[in-house]
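Each remark here refers to the structure printed beneath this line.
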Amino acid sequence: MAISCRVLIVDDELLVRQGIKHLLNWEHEGFQIVGEASNGKEALELIERLEPHIVITDIVMPVMGGEELTRAIKSRFPQIEVIILSSFGEFDYVRSTFQSGVADYILKPKLEAFQLLDIVQRTARKIPSLKLVESDDDGGLSIHAMLDKLLSGYEMDTQDTTLAEAFPYNRYQLFGADLKQIQTKGRDQSGDSRWLDRMKAELEADLPHAVYVHLPTEPNMVVWLINLDQSEMAALTHTARRLAAWTRSQFPEIGWTLGESFSDLSQLGMYYKERFHKLNAYRFFLPESRQLIVFDELPKSTDEERIFNMNHFSELMNRRQFDEAFGKLLEHVNGLASQYKTDVFEFKSFVGNVIFNITILLGRLESDMKKLEESKYKYFKLIGDTTHASEAVALLNAFIDEANDVIGKRGTAGSNSNMTQLLHFIREHYAEPLSLTELAKHFHFNPSYLSSYFTSHNKEGFSEYLNKIRVEKAAELLQDDSSSISEISGMVGYSDHSYFTKVFKKLTGLSPSHYRKQYTGKKRD
């Protein structure tokens with residue numbers, strides 16, 4: 001039976017996309033889910049290649065939402081019908097999309113199989129060139145639909161006669177290509193599709209008896225499930241090497257991954273998400289020249305946990321020992337980048353967070369921070385878009401160069417040793433009953449002169465700076481439940497608990513108790 005209606009699902013929540021895919025036996029009803037995307041931008045790229053008849057899209061998504069996507073579809077692909085997914089609180093958005101030509105909408109909280117089927121069938125009937133064809137089979141799932149369910153974590157009887165006949169051998173392996181860098185580096189992915197034909201030809205030549213099925217994975221990944229006899233596994237590795245060698249010159253952005261073998265098809269979802277996907281992610285840290293990752297050919301790796309001492313880094317920055325601080329930071333980041341088992345998201349988050357912290361720490365010491373404050377957001381985005389650890393390290397080095405420019409331009413005022421000593425003394429003795437008079441006595445200043453001197457060489461006056469330091473330390477202590485708020489008040493230098501509460505709320509916007517509750521709540525989440 002020829003399936004006549006192609007459907008694309010767009011939602012930033014994976015569970016919603018999977019729910020829609022597996023709510024119906026789409027093929028039996030005359031539909032085919034041709035792809036899925038997590039935002040409007042991804043969807044438009046897929047529409048160019050997949051040419052769906054119907055797009056089912058969420059309203060609120062990152063990068064590009066459903067409202068903007070609908071306008072783009074109706075402008076560029078007027079023949080495509082759009083169905084909106086929404087919650088009760090998004091009806092104003094839904095109303096605006098109807099003005100752009102939306103066919104219908106579905107409320108997420110009330111999504112049921114019969115309602116979804118009714119809406120897509122009514123929408124399909126609006127397409128003049130499309131005649132919906134229902135299947136005349138017994139309603140059983142196709143091989144592709146079964147594998148899609150297994151990939152999504154659904155339990156299925158893998159001893160089913162259909163599956164047993166389709167996959168006659170005792171071993172399975174996942175073999176795939178990562179295409180993300182093709183688009184990142186501006187290559188036309190659709191124009192380079194001829195390499196897919198080459199891949200199929202190589203598999204047919206080297207493994208004439210094996211069974212291989214293209215799996216419905218995320219965009220920019222092409223993954224094949226290969227069912228083969230154990231005696232053919234060496235031949236598959238040979239095929240992978242030859243394909244990697246072929247693409248090295250023509251498509252250097254493509255990365256290949258050959259996963260470990262397994263014998264139980266019911267474990268397909270686990271092997272893809274927890275083994276193959278993780279193996280492919282190692283590419284972010286491995287040498288860029290390594291186009292092929294084979295599960296049993298990885299270099300030795302240590303599981304040693306690297307912890308960065310942010311408190312020591314902050315102290316070095318506050319003492320204006322910038323070279324030492326930045327040196328220790330880069331040493332730590334390069335160490336993380338050398339361990340391919342490092343989590344990519346955590347690595348990028350650390351680099352972004354440390355850039356954020358540097359701007360805060362320098363903001364206390366330097367006056368002209370406007371350019372650096374603005375450029376940090378550019379670095380956040382660029383780091384998030386990196387495809388290799390070396391790119392993130394290079395961006396961190398570039399940001400440190402900009403920070404050093406700010407430090408260098410401060411000139412004589414920036415090297416004022418008296419001010420450096422004053423700030424360091426306050427940070428060391430904030431918990432004591434410190435006053436401007438005591439500070440003046442310690443450094444042999446006249447108190448009134450010290451007050452004006454402090455203000456002219458620092459963004460805050462003495463009292464404001466001392467309160468800020470004390471509140472910062474109190475915030476750290478509040479993140480731990482071991483001390484009461486009253487005890488913390490005394491620990492950071494306040495003899496009056498009510499005054500501490502007033503100052504803390506003024507600087508943070510939250511009372512100490514609310515801050516602790518909010519932080520511990522987030523920590524539990």
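- In this structure, the side chains of Val354 and Met310 come closer than 4.5 Å at one or more pairs of heavy atoms.
- Defined by atom type and a distance below 3.5 Å, a donor-acceptor pair is present between the side-chain atoms of Tyr515 and Gln479.
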Inset, instruction - Could you walk me through whether Ile127 and Ile54 pass side chain to side chain contact (heavy atoms under 4.5 Å, CB included), step by step? - result: CA-CA 9 Å; Ile127 303 172; Ile54 296 174; 4.2 Å; yes
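- Annotation: side chain of Val120 is not in contact with side chain of Asp104 (no heavy-atom distance under 4.5 Å).
- Nearest approach of Leu265 to Phe262, heavy atoms of both residues: CA-CE1, 4.4 Å.
- Side-chain contact check for Ile355 versus Leu396: some heavy-atom pair is nearer than 4.5 Å.
- Around NZ of Lys378, the count of heavy atoms belonging to other residues, nucleotides or ligands within 6.0 Å exceeds 12.
- Of the possible polar contacts, none joining the Lys376 side chain to the Phe356 backbone as a donor-acceptor pair under 3.5 Å is found.
- Here the CG-OG distance, from Leu174 to Ser261, works out to 10.5 Å after rounding to the nearest 0.5 Å.
- With values rounded to the nearest 0.5 angstrom, Phe380 atom CZ is found 12.0 Å from Leu395 atom CG.
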Legend entry - Audit row: Ile20, Trp26, side chain to side chain contact (heavy atoms under 4.5 Å, CB included) steps and yes/no: CA-CA 10 Å; Ile20 293 172; Trp26 290 91; 3.9 Å; yes
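- Looking only at distances, a side-chain donor or acceptor of Gln173 sits under 3.5 Å from a matching main-chain atom of Gly259.
- The main-chain N or O of Met64 is never found under 3.5 Å from a side-chain atom of Glu68 such that the two would form a donor-acceptor pair.
- Shortest non-hydrogen contact noted between Gln339 and Arg306 is NE2-NE, 3.3 Å.
- Atom CG in Asn170 sits 12.5 Å away from atom CG in Asp264 (nearest 0.5 Å).
- Using a 4.0 Å cut-off between charged side-chain N and carboxylate O, Glu45 and Lys41 make a salt bridge.
- Nearest heavy atoms, Ala124 versus Cys5: CB-SG, 4.2 Å.
- Proximity of a side-chain donor or acceptor of Ser75 to a complementary backbone N or O of Arg71 within less than 3.5 Å is not detected.
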Inset, instruction - Please assess Arg290 against Glu297 for the test salt bridge (Lys or Arg N to Asp or Glu O under 4.0 Å), listing each intermediate value before the final yes or no. - result: CA-CA 11 Å; Arg290 195 184 188 100; Glu297 296 179 0; 5.3 Å; no
Inset, instruction - Test side chain to side chain contact (heavy atoms under 4.5 Å, CB included) on Leu298 and Leu286 and set out the steps. - result: CA-CA 9 Å; Leu298 289 167; Leu286 291 169; 4.0 Å; yes
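- With ring centers used as reference points, Phe350 lies under 6.0 Å from His332.
- In this structure, Leu69 and Val10 have side chains that are in contact, with non-hydrogen atoms separated by less than 4.5 Å.
- The closest side-chain heavy-atom distance from Phe295 to Phe276 is not below 4.5 Å.
- When all heavy atoms are compared, the tightest approach of Asn39 to Pro62 is CB-O, 3.1 Å.
- Screening Thr70, Asp58, Ile106, Val55 for a side chain to side chain contact (heavy atoms under 4.5 Å, CB included) involving Ile84 leaves a single residue, Thr70.
- A donor-acceptor contact under 3.5 angstrom links the side chains of Thr387 and Glu391, judged on distance only.
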Inset, instruction - Assess whether side chain to side chain contact (heavy atoms under 4.5 Å, CB included) is satisfied between Asp296 and Val294, documenting all intermediate values. - result: CA-CA 6 Å; Asp296 59 354; Val294 180; 3.3 Å; yes
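- Remark: Leu236 CG to Glu202 CD distance equals 12.0 Å, nearest 0.5 Å.
- Atom CH2 of residue Trp224 and atom CG of residue Leu203 lie 7.0 Å apart, to the nearest 0.5 angstrom.
- For the side chain to side chain contact (heavy atoms under 4.5 Å, CB included) with Ile83, the qualifying choice from Leu116, Ile56, Thr57 is Ile56, the only one to do so.
- In this structure, Lys328 contributes its side chain and Asn309 its backbone to no donor-acceptor pair below 3.5 Å.
- Within the 4.5 Å cutoff, no side-chain heavy atoms of Thr342 are placed close to those of Phe284.
- Checked by atom type, the side-chain pair Tyr379/Glu402 shows a donor-acceptor distance below 3.5 Å.
- Shortest non-hydrogen contact noted between Asp178 and Arg283 is CB-NH1, 4.1 Å.
- Side-chain N or O atoms of His53 include none that pairs as donor or acceptor with a backbone N or O of Gln79 at under 3.5 Å.
- When atom types are taken as modelled, the side chain of Arg171 and the backbone of Gln230 share no donor-acceptor pair closer than 3.5 angstrom.
- Val344 is listed as a side-chain neighbour of Phe285, based on a closest heavy-atom distance under 4.5 Å.
- Considering only heavy atoms from C-beta on, Leu336 stays 4.5 Å or farther from Phe308 through its side chain.
- Nearest approach of Ile80 to Pro52, heavy atoms of both residues: CG1-O, 3.3 Å.
- The line from CG of Asn397 to OG of Ser390 is 11.5 Å long, rounded to the nearest 0.5 Å.
- Between Tyr271 and Tyr172, a ring centre-to-centre spacing not shorter than 6.0 Å is recorded.
- Using a cut-off of 4.0 Å between Lys/Arg side-chain N and Asp/Glu carboxylate O, Glu260 and Arg275 are scored as salt-bridged.
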